[in-house]
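Scroll down for the structure; my scribbles are underneath it.
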Amino acid sequence: MDLMRAARLHVPSRTLTIEDVPRPVPGPWQVLVKVAAAGVCMSDVHLIDGSLGRPRHLAEDTVTIGHEVAGTIAELGPEVGGWSVGQRVVLQAGEIRDGETYTRGVDYDGGWADYALASVDSIFALPDSIPFEQAAIIPDAVSTPWSAIVNTAQVRPGEAAGVWGVGGLGSHAIQLLRAVCAFPIVAVDPVPGARARALELGADLALDPRDPTLKDQILFLTEGAGLNAAFDFAGVASVYDQVLGVLAEEGRLVVVGLSGRPLTLRDSTTFSYRKHRILGHFGSGDDVVPRLVDLVDHGRLDFSRSITDVLPLGKASVAVRRMHTKEGNPLRLILAP
């Protein structure tokens with residue numbers, strides 16, 4: 001029996017270990033991918049610390065983490081056509097099973113491993129121009145904010161937008177808001193380094209959420225109108241009241257950050273009077289990843305600055321700690337088996 005290394009999370013005890021496990025064998029309409037790069041996301045950190053709760057569709061107590069994956073096809077399962085061994089691919093962060101969304105590395109084994117299984121309809125061709133490290137983060141770290149901006153919020157050119165939480169998803173959201181010509185763009189984060197990064201990536205204003213003049217500054221920048229769209233990537237309950245206090249009439253708050261905590265409003269009268277909307281968002285559609293790959297391939301988007309560091313798979317726990325403590329102000333860390 002062939003073995004491989006994998007970072008396995010025992011969900012009940014929140015224990016992450018590197019183990020030797022059987023190398024998967026692709027079934028019908030599946031491929032086995034040799035992992036070249038796997039992203040480390042704050043969602044992974046929250047899965048490990050238990051704040052996301054038990055995954056809805058996880059059948060067992062242990063799972064291989066990792067939903068941001070790129071690599072090469074190592075083996076084709078039966079019934080697979082149109083693909084070849086050695087082909088470069090990037091994997092969708094999940095797949096639809098019986099009408100339900102299953103997330104890779106959460107509901108089933110993911111890519112913090114030497115190899116990962118993928119259904120053939122969840123892989124996309126990756127051109128040679130895009131390094132594996134940058135490709136791995138397109139599913140989720142880029143595709144999620146893109147879909148939140150373009151599909152859920154339907155941001156139009158010239159609309160004012162705000163980003164709460166300038167981590168991996170929030171940083172990409174700033175770049176993507178510029179790409180769709182949102183203006184002005186406001187970033188809000190308590191970490192000075194994150195605010196500095198937001199300005200470097202194209203935000204017009206970066207504020208500390210504890211700043212007592214935050215509302216005044218946003219209203220001044222938007223000439224009193226407020227923000228047309230705001231995105232919560234922080235998953236912090238205090239964000240909601242703050243955002244709703246600076247939304248324009250008919251403005252929308254898109255909740256992307258996962259916290260597992262209640263979403264409450266303190267002033268429902270103002271919410272109704274100003275016709276505000278709160279929209280939930282999760283993941284992205286099947287067409288988003290290949291579209292973003294094309295945009296990167298043709299130079300419309302550049303995520304070369306997104307990769308803070310690359311660590312070996314054996315350092316998975318170190319990567320998790322660095323993301324949790326914000327050591328070095330990481331944007332995205334990559335595990336390379």
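Only a predicted model underlies this, so the values are computations on that prediction, with no experimental measurement involved.
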Interatomic distance, L219 atom CG to T213 atom OG1 [nearest 0.5 angstrom]
11.0 Å

Determine whether V63 and V106 satisfy the following criterion, side chain to side chain contact (heavy atoms under 4.5 Å, CB included), listing intermediate values before the conclusion.
CA-CA 7 Å; V63 66; V106 177; over 6 Å; no

Selection residues 165-193 - residue pairs positive for side chain to side chain donor-acceptor pair (under 3.5 Å), sequence neighbours left out
S171-R197, H172-S306

What closest approach, in Å, do R14 and L9 show between heavy atoms, and which atom pair accounts for it?
C-CD1, 3.8 Å

Starting at CG of L331, measure out to CG of D309 and round the result to the nearest 0.5 Å.
12.0 Å

Step by step, work out the side chain to side chain contact (heavy atoms under 4.5 Å, CB included) result for I278 and Y240.
CA-CA 9 Å; I278 298 178; Y240 309 137; 5.9 Å; no

Closest heavy-atom contact between L333 and A319?
CD1-O, 3.6 Å

Please list all pairs meeting side chain to side chain donor-acceptor pair (under 3.5 Å) that have one or both residues in residues 245-254, counting only residues at least two apart or in different chains.
E159-R252

R210 side-chain N/O to P190 backbone N/O, donor-acceptor pair under 3.5 Å
yes

Quick check against the 3.5 Å criterion: does H324 have a side-chain atom that pairs as donor or acceptor with the backbone of V320?
no

For V243 against A230, the heavy-atom pair lying closest together
CG1-CB, 3.4 Å

Check whether any side-chain heavy atom of R23 sits under 4.5 Å from a side-chain heavy atom of L32, and report yes or no.
yes

Can you find a heavy atom in the side chain of V155 that is under 4.5 Å from one in the side chain of V150?
no

Consider only side-chain heavy atoms of I, L, V, M, F, W and Y, link residues closer than 4.5 Å, and tell whether V256 and L176 are in one cluster.
yes

Heavy-atom check, side chain of L247 versus side chain of R277, under 4.5 Å:
no

Are V11 and D61 side-chain neighbours, meaning at least one heavy-atom pair lies under 4.5 Å?
no

Going by the rule ring-ring contact (aromatic ring centres under 6.0 Å, His included), which residues pair with Y102 if we only count those two or more places apart in sequence or in a different chain?
H57

Side chain to side chain contact (heavy atoms under 4.5 Å, CB included) with W112: of V35, V69, V40, only one passes, and it is V40

More than 12 heavy atoms from other groups under 6.0 Å of CZ on R156
no

Just by distance, no angles: are the side chains of E19 and T17 close enough, under 3.5 Å, to form a donor-acceptor pair?
yes

How about K315: does its NZ atom have over 12 heavy atoms from other parts shown lying under 6.0 Å from it?
no

With D241 via side-chain hydrogen bond (donor to acceptor under 3.5 Å, both in side chains) - residues at least two apart
R266

Donor-acceptor pairs under 3.5 Å, side chain of residues 130-140 to any protein atom, not counting sequence neighbours: which ones?
residue	atom	partner	partner atom	Å
D140	OD1	T144	OG1	2.9
D140	OD2	H67	NE2	2.7

Any heavy-atom pair between the side chains of E75 and Y115 that's under 4.5 Å?
no

Rounded to the nearest 0.5 Å, what's the gap from CG on L313 to CD1 on I334? Could you check?
12.5 Å

So, does E68 use its side chain to make a donor-acceptor pair with the main chain of C41 at under 3.5 Å?
no

Mind checking the CZ-CH2 spacing from F231 to W164? Nearest 0.5 Å is all I need.
11.0 Å

In sequence, state the C-alpha distance, the side-chain angles, and the governing distance for R305 and E200, and then conclude on salt bridge (Lys or Arg N to Asp or Glu O under 4.0 Å).
CA-CA 10 Å; R305 292 178 293 178; E200 292 172 0; 5.8 Å; no

Please find the pair of heavy atoms, one from A316 and one from I18, that lie closest to each other, and give the distance.
CB-CD1, 4.2 Å

Does L169 belong to the same Ile/Leu/Val/Met/Phe/Trp/Tyr cluster as V293, with side-chain heavy atoms less than 4.5 Å apart forming each link?
yes

Specify the closest pair of heavy atoms between A38 and G111, including all atoms of both residues, with the distance to one decimal.
CB-O, 3.5 Å

Determine whether T101 and I96 satisfy the following criterion, side chain to side chain contact (heavy atoms under 4.5 Å, CB included), listing intermediate values before the conclusion.
CA-CA 5 Å; T101 299; I96 303 297; 3.4 Å; yes

List the steps and the verdict of salt bridge (Lys or Arg N to Asp or Glu O under 4.0 Å) for R97 and D107.
CA-CA 11 Å; R97 301 180 183 178; D107 296 308; over 6 Å; no

With sequence neighbours left out, what residues match D287 under side-chain hydrogen bond (donor to acceptor under 3.5 Å, both in side chains)?
R291

Donor-acceptor check, side chain of S147 to backbone of S143, threshold 3.5 angstrom: yes or no?
no

Taking the side chain as every heavy atom from C-beta outward, state whether I123 and W83 have any pair of such atoms under 4.5 Å apart.
yes

For L205 and F220: C-alpha separation, side-chain torsions, deciding distance, then whether side chain to side chain contact (heavy atoms under 4.5 Å, CB included) applies.
CA-CA 11 Å; L205 178 66; F220 179 81; over 6 Å; no

OG1 on T62 to CG on L16, rounded to 0.5 Å
11.0 Å

Examine L201 and L292 and state if one hydrophobic cluster contains both, with Ile, Leu, Val, Met, Phe, Trp and Tyr joined whenever side-chain heavy atoms are less than 4.5 Å apart.
yes

Side chains of T103 and P55: closer than 4.5 Å at any heavy-atom pair?
no

L76-V90 co-clustered via ILVMFWY side chain contacts under 4.5 Å
no

To the closest 0.5 Å, what do you measure between CD1 (I65) and CG (D44)?
5.5 Å

Do D114 and L3 touch side chain to side chain, with heavy atoms closer than 4.5 Å?
no

Does one side chain, of S122 or R104, offer a donor that lies under 3.5 Å from an acceptor on the other?
yes

Nearest atoms (heavy-atom pairs only) where A6 meets V21:
CB-CG2, 3.9 Å

R8 with D109: basic N within carboxylate O range, under 4.0 Å:
yes

Would L227 and L207 show up in the same hydrophobic cluster when neighbours are defined by side-chain heavy atoms closer than 4.5 Å?
yes

Axial cation check for F303 ring with R332, 6.0 Å and 45° limits
no

